[in-house]
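A short write-up of the structure that comes next.
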Amino acid sequence: MMEERANLMHMMKLSIKVLLQSALSLGRSLDADHAPLQQFFVVMEHCLKHGLKVKKSFIGQNKSFFGPLELVEKLCPEASDIATSVRNLPELKTAVGRGRAWLYLALMQKKLADYLKVLIDNKHLLSEFYEPEALMMEEEGMVIVGLLVGLNVLDANLCLKGEDLDSQVGVIDFSLYLKDVQDLDGGKEHERITDVLDQKNYVEELNRRLSCTVGDLQTKIDGLEKTNAKLQEEVCNVLKPLNKQNDPKLRKMVQLITKQDTKVELETYKQTRQGLDEMYSDVWKQLKEEKKVRLELEKELELQIGMKMEMEIAMKLLEKDTHEKQDTLVALRQQLEEVKAINLQMFHKVQNAESSLQQKNEAITSYEGKTNQVMSSMKQMEERLQHSERARQGAEDRSHKLQQELGGRVSALQLQLSQIHEQCSSLEKELKSEKEQRQALQRELQHEKDTSSLLRTELQQVEGLKKELRELQEEKVELQKVCDEQEQALQEMGLHLSQSKLKMEDIKEVNKALKGHTWLKDDEATHCKQCEKEFSISRRKHHCRNCGHIFCNTCSSNELALPSYPKPVRVCDNCHTLLLQRCSSTAS
């Protein structure tokens, strides 16, 4: 499950990265035929299906990711529109198709990350649909939500009508991501971040220049308005003395001149005003576009920073896992030592367990007797119930017959009916009391069954303890055999020691006869003189009666008659060969 979660995490990162790159190259608007977008939905479907519990029904097994997505409608009221539109689509007939349509609509609303975050925050509700080790229940789910925030930059135009979402095969196409494997290096990511920052600085510089040009144009407009006002004042000043004179020709000439001048000035003013308005509108449009580009670049920067933070979080998680594994190794070693100590205590506990086993067996027999009594009482209660129901049916039949036969005797029959109703009510009360007793007996039965199951589990544990006891007894027998063998070796050593003490006196006398040889002490020799093997309980020390050195049994197994000994004594192999050569040379 851990490997599957890690693989799905990597696939989700790759799919989102490829989708964002392709969207930036195409202008941020995507259609349903876009291949990276289709692969993103396939990977998202695999992530939602990971660790889903199989729900069994009368029709068969059901394993769909639309069930968890329906919870979003309850937790977030904004998602109710998506759920209703998905349910109202007539083309969708399966839960898988509805889940895919839900993902399409959530991406178009740019709220897919928000809805999934609401789901992951309520893990107690998700536990009904997912296993504990599923991707949506672990920390990887929050990482995927952080990755999905970057998709809010995109504009998806997806048409659900005519799409066969029920029969689509969700297979991941790895060929789209094989080209971008080398782009995951840290150096290239740093270069991309620097490029985005340069673009941001360029856009800010453009915005500053455009704002300066707008200010200059505004000052020019103000200057033109001031000059126009001055011209109007000058015309008024010229007309005042002419008005004082009463020459009509001059007045007409002045009026014609002023009219022509004002017309020309108005036309020039209108032309300049139109040009300035056009310039201002163009500059304003460029400002808006640059602001949009700046916002998009800032969003991309935030995305890159978020990706970097997620990588750091993943590295920290890996370090935590390594430290935890080291701690578990140390803990396992300590547990091994504790288990060795516990094995010694188990022998004492097994004896106590056998005594408790006998007591529990007795308790089980007593509980079985009680269960039999409860079952018999249950049967009696059922018989009483059946008898009371029969009596009630008989009373009802009698009342019907009496009503048919005795129509005139209404008053008497009413009294009898009231008595019958009272009897029925008393019978119903008895029925209720018997039902309550039956429920109480069922509870006691269930309790007894639980206790019997607990006792059975304890019996199984006791059987395991018996097996361990047998193993310990076998080990004890083996150790007893080893002890017996060592005791036999010690007895033989004692016999040899007693014989060696008796022979020590003879050896001392022989030492006087030996010339040029030194008799080694037992403490001075730890290895055999000839084969150089270490002495032990099984490999004992033996003195050569000729040279006085100490040898093992294999290197001093020969015996020869020496001049200082009347009987043949133990001699080492070297001395044996030398003495035989001497004997042969003297004989020749």
Side-chain angles (χ1 to χ4, degrees), residues 51-63 67 122-134 137 335 338-339 341-396 422-474:
L52 263 177
K53 291 181 181 178
V54 179
K55 291 189 176 181
K56 295 181 179 180
S57 61
F58 295 104
I59 302 165
Q61 293 181 351
N62 184 15
K63 188 177 180 181
N122 295 281
K123 288 184 180 177
H124 61 282
L125 297 174
L126 281 178
S127 60
E128 297 178 3
F129 299 94
Y130 288 101
E131 298 290 341
E133 295 179 358
M137 299 294 289
Q335 286 177 3
E338 290 175 357
V339 165
I342 288 163
N343 284 330
L344 296 172
Q345 296 175 1
M346 287 298 289
F347 179 73
H348 301 292
K349 288 183 179 179
V350 165
Q351 293 178 352
N352 297 325
E354 286 180 351
S355 60
S356 63
L357 224 185
Q358 292 177 357
Q359 293 175 0
K360 286 173 181 175
N361 285 325
E362 292 174 358
I364 285 166
T365 53
S366 63
Y367 281 132
E368 286 177 353
K370 287 180 180 179
T371 50
N372 293 323
Q373 290 176 2
V374 169
M375 290 296 289
S376 61
S377 61
M378 287 284 289
K379 288 178 181 178
Q380 289 176 2
M381 292 295 289
E382 286 176 355
E383 289 176 357
R384 286 179 184 176
L385 265 171
Q386 291 175 359
H387 182 70
S388 61
E389 286 176 356
R390 288 172 186 170
R392 186 180 175 183
Q393 288 178 358
E396 287 177 354
E422 288 175 357
Q423 289 177 1
C424 287
S425 62
S426 63
L427 287 169
E428 285 176 354
K429 287 178 183 178
E430 289 177 359
L431 268 170
K432 286 180 182 177
S433 63
E434 286 175 357
K435 283 180 180 177
E436 289 175 356
Q437 288 176 1
R438 185 180 178 183
Q439 289 176 357
L441 288 169
Q442 284 178 352
R443 289 171 189 166
E444 289 178 359
L445 224 180
Q446 188 65 34
H447 182 68
E448 295 295 330
K449 284 180 181 177
D450 294 335
T451 51
S452 64
S453 63
L454 289 169
L455 290 168
R456 282 172 188 166
T457 53
E458 289 176 355
L459 270 171
Q460 290 175 359
Q461 291 175 0
V462 169
E463 287 176 357
L465 292 170
K466 280 184 178 179
K467 287 179 182 177
E468 291 178 359
L469 206 162
R470 287 170 190 167
E471 291 175 357
L472 291 168
Q473 286 176 353
E474 289 174 358

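Keep in mind that this is a model prediction, so the values were computed, not measured.
Heavy atoms only, all atoms of each residue included: K53 and Y130 are closest at CE-O, 3.2 Å. Closest non-hydrogen pair, L441 versus V374, comes out as O-CG1, 4.0 Å. In terms of heavy atoms, P132 sits closest to M137 at O-CB, 3.7 Å. Nearest approach of G51 to A134, heavy atoms of both residues: CA-CB, 3.7 Å.
Taken from CG in L431 to OG in S426, the straight-line distance is 10.0 Å, to the nearest 0.5 Å. Atom OG of S127 is separated from atom NZ of K123 by 11.0 Å, given to the nearest 0.5 angstrom. Between atom CE of residue M378 and atom CD of residue E444 there is a gap of 10.5 Å, rounded to the nearest 0.5 Å. The CG atom of N352 sits 12.0 Å away from the CG atom of L357 when rounded to the nearest 0.5 Å. Taking NZ of K360 as the start and CG of L454 as the end, the distance is 9.5 Å to the nearest 0.5 Å. Atom NZ of residue K429 and atom NZ of residue K432 lie 8.5 Å apart, to the nearest 0.5 angstrom.
Using a 4.0 Å cut-off between a side-chain N of Lys or Arg and a carboxylate O of Asp or Glu, E448 and K370 do not qualify as a salt bridge. The pair R438-E382 meets the salt-bridge criterion, with a side-chain N (NZ, NE, NH1 or NH2) lying under 4.0 Å from an Asp/Glu carboxylate O. Remark: R384 does not engage E430 in a salt bridge, criterion side-chain N to carboxylate O under 4.0 Å.
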Check the pair H387 / L385 against side-chain contact (heavy atoms from CB on, under 4.5 Å), numbers first and verdict last. CA-CA 5 Å; H387 182 70; L385 265 171; over 6 Å; no
Report the C-alpha distance between L465 and K349 in whole Å, list the side-chain angles of each, state the deciding distance to 0.1 Å, and finish with yes or no for side-chain contact (heavy atoms from CB on, under 4.5 Å). CA-CA 9 Å; L465 292 170; K349 288 183 179 179; 5.9 Å; no
Given side-chain contact (heavy atoms from CB on, under 4.5 Å), test L459 with I364 step by step and report yes or no. CA-CA 11 Å; L459 270 171; I364 285 166; 3.9 Å; yes
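Considering M346, E354, E474 as possible partners of L469, the one that fulfils the side-chain contact (heavy atoms from CB on, under 4.5 Å) test is E354.
For the pair H124 and N122, the minimum side-chain heavy-atom distance is below 4.5 Å.
K467 NZ: 12 or fewer foreign heavy atoms inside a 6.0 Å radius.
Applying the salt bridge (Lys or Arg N to Asp or Glu O under 4.0 Å) rule to E133 yields no partners; only residues at least two apart in sequence or on another chain are considered.
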